[in-house]
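Structure first, then comments.
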Amino acid sequence: MPDLLLELFSEEIPARMQRRAADDLKALVTDGLVAAGLTYEGAVATATPRRLALHLTGSPGHAPDRTEERKGPRVGAPDGAIQGFLKASGLASLEEAAVVDDGKKGSFYVARRTVAGRAAPEVLADLIPETIRRFPWPKSMRWGSGSLRWVRPLHSIVATFGTETEEPELIPVAIEGVSSGNVTRGHRFLSEGDIRVRRWNDYVPALERAKVVVDIDRRKDIILHDAKDRALALGLDLVEDEGLLEEVAGLVEWPVVLVGSFEPDFLELPDEVIRLTIRINQKCFVLKDPATGRLANRFVPVSNLEATDGGAAIVAGNERVVRARLSDARFFYATDLKLPLDERLPKLDAIVFQEKLGTQGARVNRIAALAHWIAPLIGAAPEKAERAARLAKADLVTEMVGEFPELQGYMGRRYAEVQGEDAAVAAAIEEHYKPQGPNDRVPESPVSVAVALADKLDTLVGFWSIDEKPTGSKDPYALRRAALGVIRLILSNDKRVALTPLLIDIFRVHAESHAVSPAMANWFAAHPADAGSLASVPEIGDLFSFLIDRLKVQLRDQGARHDLVDAVFALSGQDDLVVIVKRIEALGSFLATDDGATLLSGYRRAANILKAEEKKAGHGFDAPVNPALLLEAEEKALFDTIGRVQEIVVRSLSVEHFGYAMAQLAALRAPVDAFFDKILVNVDDPALRANRLALLAAIRATTLTVADFSRITG
């Protein structure tokens, strides 16, 4: 079957856009073909700095014919409706229409016509210009006098379609003075002249001979392996950096790995300062000494040229720039060390954190107080937690972080260590930003956990208090990430934190420090010392629900069922995340057993009967069961088992033996089954019926001690 080769050749495409652009090209073309009735077997798209390329295989040369139907008026309809249908359908008379009986509304006229499928080249000739015109570049430009917008000026289009055994057909495309053909160009400096191509199988090797590696992943592989080999030859290790590797692969078409060096005395700088200086300014990798674990005075530039001098001039140029940038970094570092972190704190009062939430200085005061409160809950020293929180943002006003914002936290820790701060305090300054994503490391030091929780909870409460919440896919303040960070900090460290009073205290601090909603301000004014509840202030309950929703997302990502979160949380508004998760795990394990599944079925049967009868009666049947009205052995056995199980379950839950509590529910399975097999609930005797309904209510009440089974969907 025919294959498509499509290349869009332009000036240099920014590296950060190439991967997405290749995916977009593939999606736009394949979606357009499918919409036109053309299938395909496979599609591969890639990019180099000067081109987007697509190889589509196994597409038929012609779309199949299709039948279109147009429903007309009912048989026997007025002549005006009939004539309008014939005219709109292009039919000469009703004899050309079919009659269809839909079984409900009677018989209708239907016009059917066969639409011939279009040839694939014809479809592509329309699809390719449309794809180019509506291509979703993040940023685009116009040039010359045309109206076409593209990421950079578009120079040529290659579009061929055909099988391996025939000369491929050129797809005629013309847009803004650029016409399609079968000619491309190789490397800007290492190749000369036009390159004629026919299909993908000769396109890739032809460009390779012209010093262009078409596949971006292959360029990454070349860079990575050559850099590792060069490092190994020096007895060093490459410091791998996936983000930098992706970027560098988007900057070169013919990667040539080199090695440069800088003066050893620059190694007095912290490793991360050296790495970022070289990474950001020169897009180079760094090497480390495996013997010491610290960086070596070598770096790895990647050239887009095979220089006649072996790259000596390229390396020398990079070394000059690296030396200058490291000199700047050394000056910033020395300048920063002259002023202790705590003496920098007044400068934070001049930095606005958020217009309604005040300055960074005000925020630091809140975080420090909050860290002091949280510390005893998680086994941290309150004084250390408060000290770490007080210094956590001080490095924001250092020269080094001003130059490299990525170093915030890292530089704070280094300066704190140099200034003799406690090791736990210094570590917390860096770690309080963590975790910053689902794969980021979670701090384990109690002081770090206390400050990280304080920072994230202050952020969440602050933005909730001014009604700046995530909406849909928009989350400009990364509040979902902050909420997930709170959850991971608590669960990963198995810390017992009652969130309700903590959230209320934080909301109270915000209500005292800046403008909040009138309802919140009024509530706190009326309850100056009342701990309150989640329902007391809507914003607090809403934020807690947001945290629970994030917990559901995390548990679902880990393979747990989010309905079990609802079933456990519905019991009493439990606000200890560790307890919630332990209950969920125990409930999930129990429901995975035959006993659990059967008991759930029995519960649902009991709940359905109760729901119907309570609706009829207008009241519940939660009155105590009267043992004197238990006439049958099966209902007596169920009553006895419920009493025994409920006592054990309640006692087990009180000491948080959740697995054991769930296991005790298994004892209900046999008597519940026997009850429904032998006992008629809705007997004529009203007292007997009410007592048996009360027994069903007792089943419901017993399961409610561990979870709300009505919320379990599985």
Side-chain angles (χ1 to χ4, degrees), residues 15 190 211 213 215-334 400 403-404 406-407 410-411 413-414 417-418 427 430 439-441:
L190 301 179
K211 305 300 183 182
V213 178
D215 183 11
I216 189 170
D217 288 319
R218 183 160 173 262
R219 295 200 301 277
K220 287 176 65 175
D221 188 65
I222 291 170
I223 295 168
L224 182 61
H225 284 83
D226 285 359
K228 285 183 174 181
D229 289 345
R230 296 296 297 268
L232 183 63
L234 296 170
L236 302 173
D237 291 336
L238 176 71
V239 177
E240 296 188 35
D241 186 329
E242 176 60 29
L244 179 60
L245 181 61
E246 178 82 10
E247 183 177 8
V248 172
L251 295 173
V252 298
E253 290 190 318
W254 189 254
V256 177
V257 174
L258 305 169
V259 175
S261 63
F262 53 86
E263 287 74 5
D265 57 354
F266 284 120
L267 294 176
E268 297 173 358
L269 288 167
D271 283 358
E272 192 66 10
V273 171
I274 297 172
R275 187 188 73 82
L276 269 179
T277 299
I278 294 175
R279 182 193 199 277
I280 291 174
N281 289 289
Q282 290 304 101
K283 312 302 181 189
C284 295
F285 300 89
V286 293
L287 304 179
K288 68 178 179 180
D289 186 342
T292 64
R294 290 212 54 197
L295 293 186
N297 65 320
R298 300 295 184 98
F299 64 95
V300 177
V302 180
S303 171
N304 193 33
L305 289 173
E306 284 182 342
T308 55
D309 64 355
I314 295 172
V315 169
N318 277 276
E319 288 177 341
R320 283 195 298 273
V321 176
V322 166
R323 187 179 302 113
R325 295 296 176 262
L326 288 177
S327 294
D328 291 343
R330 183 162 55 186
F331 172 77
F332 296 148
Y333 186 61
M400 191 65 76
E403 180 72 11
F404 300 115
E406 300 90 340
L407 289 175
Y410 176 87
M411 292 312 304
R413 178 176 187 165
R414 297 299 172 269
E417 289 172 340
V418 172
E430 179 180 15
N439 300 316
D440 195 15
R441 182 179 66 83

Counting C-beta onward and ignoring hydrogens, is there a side-chain heavy-atom pair between Glu417 and Arg413 closer than 4.5 Å?
yes
Would you say the side chain of Glu263 lies within less than 4.5 Å of the side chain of Asn297, judging by non-hydrogen atoms?
no
I'd like to know if Arg414 pairs up with Glu272 as an ion pair, taking the criterion as any Lys NZ or Arg NE/NH1/NH2 lying under 4.0 Å from an Asp or Glu carboxylate oxygen.
no
Sequence neighbours excluded, the answer for salt bridge (charged side-chain N to carboxylate O under 4.0 Å, His left out) partners of Asp221 is none
Could you tell me which residues satisfy side-chain hydrogen bond (donor to acceptor under 3.5 Å, both in side chains) with Arg219, sequence neighbours excluded, listed by chain and number?
none
Would you check, one step at a time, whether the test side chain to side chain contact (heavy atoms under 4.5 Å, CB included) holds for Leu407 with Val273?
CA-CA 8 Å; Leu407 289 175; Val273 171; 3.9 Å; yes
When you compare the side chain of Gln282 with that of Pro301, does any pair of heavy atoms fall below 4.5 Å?
no
Between Glu253 and Lys211, does any NZ, NE, NH1 or NH2 come within less than 4.0 Å of an OD or OE carboxylate oxygen?
no
Point-to-point distance, once rounded to the nearest 0.5 Å, from CG of Asp229 to CG of Leu238:
10.5 Å
Using side-chain heavy atoms (C-beta onward) and a distance below 4.5 Å, is Val257 in contact with His225?
no
Let me have the donor-acceptor pairs involving side chains of residues 284-291, under 3.5 Å, with sequence neighbours excluded, atom names and distances please.
unit_1	atom_1	unit_2	atom_2	d
Asp289	OD1	Ala291	N	2.9

Please identify each residue that fulfils ring pair (Phe, Tyr, Trp, His ring centres under 6.0 Å) with Tyr333, with sequence neighbours left out.
Tyr415
Going by salt bridge (charged side-chain N to carboxylate O under 4.0 Å, His left out), name the residues that satisfy it together with Asp217, two or more places apart in sequence or in a different chain.
Arg19
Any non-hydrogen side-chain atom of Leu244 less than 4.5 Å from a side-chain atom of Lys283?
yes
Mind checking side-chain hydrogen bond (donor to acceptor under 3.5 Å, both in side chains) for Arg298 and listing every partner two or more places apart, or none if nothing turns up?
none
Sidechain N-carboxylate O distance under 4.0 Å for Lys228, Asp237:
no
Do Lys220 and Asp215 sit within salt-bridge range, that is, some charged N less than 4.0 Å from a carboxylate O?
no
